[in-house]
2 protein chains.
Amino acid sequence: MVSTASPSGELPAKSKRADAVRNQQTLLTAAAAVFVTSGVDAPIREIATRAGVGMGTIYRHFPTRADLVVAVYRHQVEACAEAGPALLAATDSPFEAFRQWVDLFVDFLVTKHGLANAMQSDSSGFAALHAYFLDRLGPVCVRMLDAAVEAGEVTPGIQAYELMRGIGNLCAGRDGDPRYDPRTLVALLLRGLRPD
Amino acid sequence: MVSTASPSGELPAKSKRADAVRNQQTLLTAAAAVFVTSGVDAPIREIATRAGVGMGTIYRHFPTRADLVVAVYRHQVEACAEAGPALLAATDSPFEAFRQWVDLFVDFLVTKHGLANAMQSDSSGFAALHAYFLDRLGPVCVRMLDAAVEAGEVTPGIQAYELMRGIGNLCAGRDGDPRYDPRTLVALLLRGLRPD
DNA sequence: TGACAAAGCGGAACGACGTTCCGTATCGTA
DNA sequence: TACGATACGGAACGTCGTTCCGCTTTGTCA
């Protein structure tokens, strides 16, 4: 499970040594850089080397791989989560708002090398990653979907959880294949939500 | 790339030593059994042990992991491929035939522990697996989709390749989650294919 | 039938990786 | 400045994929 003890990545809660906070920042920066070039499942050693720290340091700050990934992308996930209600308020059609929100989500996933793949991986410390995304974004999705259903723009009976996972899954796979555009498939999926 | 030299898994082409053919069969049986319990990415050693052979033997018969997986599932993939034209001929509505064919495909994927995951994995020797499935099943999909479009039952402009990958992706992910049923999502996707 | 070359076999060995653990260095404080 | 707490580095261990080579089995030919 992703460490819930502290909002790691944000303001240090209390009494942490100076070098510790410094290292945590260094690690986040290094990890972000490495994720771009080598994907989120890059070797731990690579991140450690890049940050100029030992491997023990990584494990102390981020016990599981998911903790590190979550910390790196926390801001963007947060932004996405907050965009939901905003879109809902700013748009006449709840479905259209939902469509735009999904676009945001998809953009996020496809621009992060291998993130979508990692989320469905059963192994490693990636299980927690899956949980984090769904915990944070799931409720937003529920709310938007409900609104769309209530407005008669979406067939009732669809589970938000299932839908989110479906969208996530569609964004996974070998990236860079010009013959496969996740957006096309997601659009098709959303089309299937419409009532007759 | 999956070895195309011989139709490995079927009739031995020519002049193979008796122990070699025997081992190849033993390996296929052992691999099939291991795949069921440990998934298609089970350790090579586990398969070797189960078959009672050395690891060199595995690599000689099946140079890449994909070669082994393909050999194990060849019959089922073949059956799926052949079911396409049959369904098309036996059903009035090409779309309905397609729907049933997709059901077959999905059933195959979800019953094989981790197969769908493996197919989108970028690493290992799994890249060839992806290619094999698409090469064999792709043309069938094209044909069925064309028929459905021609009958006015499906919106034109959808690429069969993209659709197959989408379906495959939807079947991937942590298996055994009661909250996620790939069939629901695939049904939604197919719904999105219908014209207004 | 008895050898001999080719074909195949087994598993040791190597490198990459995740993860743990502990002796040492650094920090904050009294 | 001295000392305990905190954090650090990286060696070490286990797992896994993959290669390589000395040994065994097989088929054949005299």
Side-chain angles (χ1 to χ4, degrees), chain A residues 1 3 5-6 8 12-28 30-31 34-35 37-69 114 118 121-129, chain B residues 1 3 5-6 8 12-28 30-31 34-35 37-69 114 118 121-129:
Chain A
M1 185 59 62
S3 64
S6 86
S8 82
K14 203 177 284 187
S15 72
K16 283 241 267 179
R17 256 173 59 171
D19 54 350
V21 258
R22 201 186 324 132
N23 270 328
Q24 179 142 334
Q25 276 313 314
T26 309
L27 270 174
L28 282 176
V34 170
F35 286 171
T37 63
S38 308
V40 291
D41 47 5
I44 297 284
R45 270 173 247 262
E46 186 178 342
I47 301 170
T49 304
R50 173 87 169 224
V53 305
M55 288 169 309
T57 304
I58 280 202
Y59 280 99
R60 194 166 320 100
H61 286 289
F62 307 100
T64 77
R65 211 195 198 72
D67 286 302
L68 182 53
V69 178
S121 156
D122 214 350
S123 59
S124 298
F126 277 141
L129 184 61
Chain B
M1 185 58 63
S3 65
S6 88
S8 85
K14 205 176 283 190
S15 71
K16 283 246 260 172
R17 259 172 57 168
D19 54 349
V21 237
R22 202 185 324 128
N23 270 327
Q24 177 141 334
Q25 275 313 313
T26 309
L27 271 173
L28 282 177
V34 170
F35 286 172
T37 63
S38 309
V40 291
D41 47 5
I44 297 285
R45 271 174 246 261
E46 188 178 341
I47 302 170
T49 304
R50 174 87 169 223
V53 305
M55 289 169 310
T57 304
I58 280 203
Y59 280 100
R60 195 167 319 100
H61 287 289
F62 307 100
T64 78
R65 210 193 199 75
D67 286 301
L68 183 53
V69 178
S121 154
D122 214 351
S123 59
S124 299
F126 276 141
L129 184 61

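Throughout, a chain's letter reflects where its sequence line sits, starting with A, and its residues are numbered from 1. Computed over heavy atoms, backbone and side chain alike; hydrogens, waters and symmetry mates excluded.
- Here the CG atom belonging to B/Asp67 is positioned 3.5 Å from the OG1 atom belonging to B/Thr64, to the nearest 0.5 angstrom.
- Distances shown here put every side-chain N or O of A/His61 at or beyond 4.0 Å from the OP1 or OP2 atom of D/dA7.
- Think of the region where chain B sits on DNA chain C: with heavy atoms and a 4.0 Å cut, that region ends 5' and 3' at C/dA6 to C/dA13.
- Here A/Thr57 reaches the OP1 or OP2 of D/dG9: one of its side-chain N or O atoms lies under 4.0 Å away.
- For B/Arg17, the salt bridge (charged side-chain N to carboxylate O under 4.0 Å, His left out) test picks out B/Asp19, with sequence neighbours left out.
- Between the side chains of A/Asn23 and A/Thr26, no donor N or O sits under 3.5 Å from an acceptor N or O.
- Atom pair B/Arg65:CZ and D/dC16:P shows a separation of 10 Å (rounding to whole Å applied).
- Atom CZ in B/Arg60 sits about 16 Å away from atom P in D/dT18, given to the nearest Å.
- Looking at every heavy atom in both residues, A/Ala48 comes nearest to A/Met55 through CB-CG, 4.1 Å.
- Side chains of A/Leu129 and A/Arg65 form no contact here, defined as non-hydrogen atoms less than 4.5 Å apart.
- At whole-Å resolution of the value, CE in B/Met55 and P in D/dC21 are 15 Å apart.
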Base versus backbone protein contacts along nucleotides 23-30 of chain D [heavy-atom cut-off under 4.0 Å; B, S, -]: --BSS---

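- When every heavy atom of A/Phe126 is checked against every heavy atom of A/Val69, the shortest pair comes out as CE2-CG2, 4.4 Å.
- The interatomic distance linking A/Ile44 (CD1) with D/dG10 (C1') rounds to 15 Å, in whole Å.
- Residue B/Arg45 is in base contact, counting any heavy-atom pair closer than 4.0 Å across all strands shown.
- Using a distance-only test at 3.5 Å, with no hydrogens or angles considered, no donor-acceptor pair links the side chain of A/Ser38 to the main chain of A/Phe35.
- The side-chain heavy atoms of A/Leu28 and A/Phe62, taken from C-beta on, include a pair separated by under 4.5 Å.
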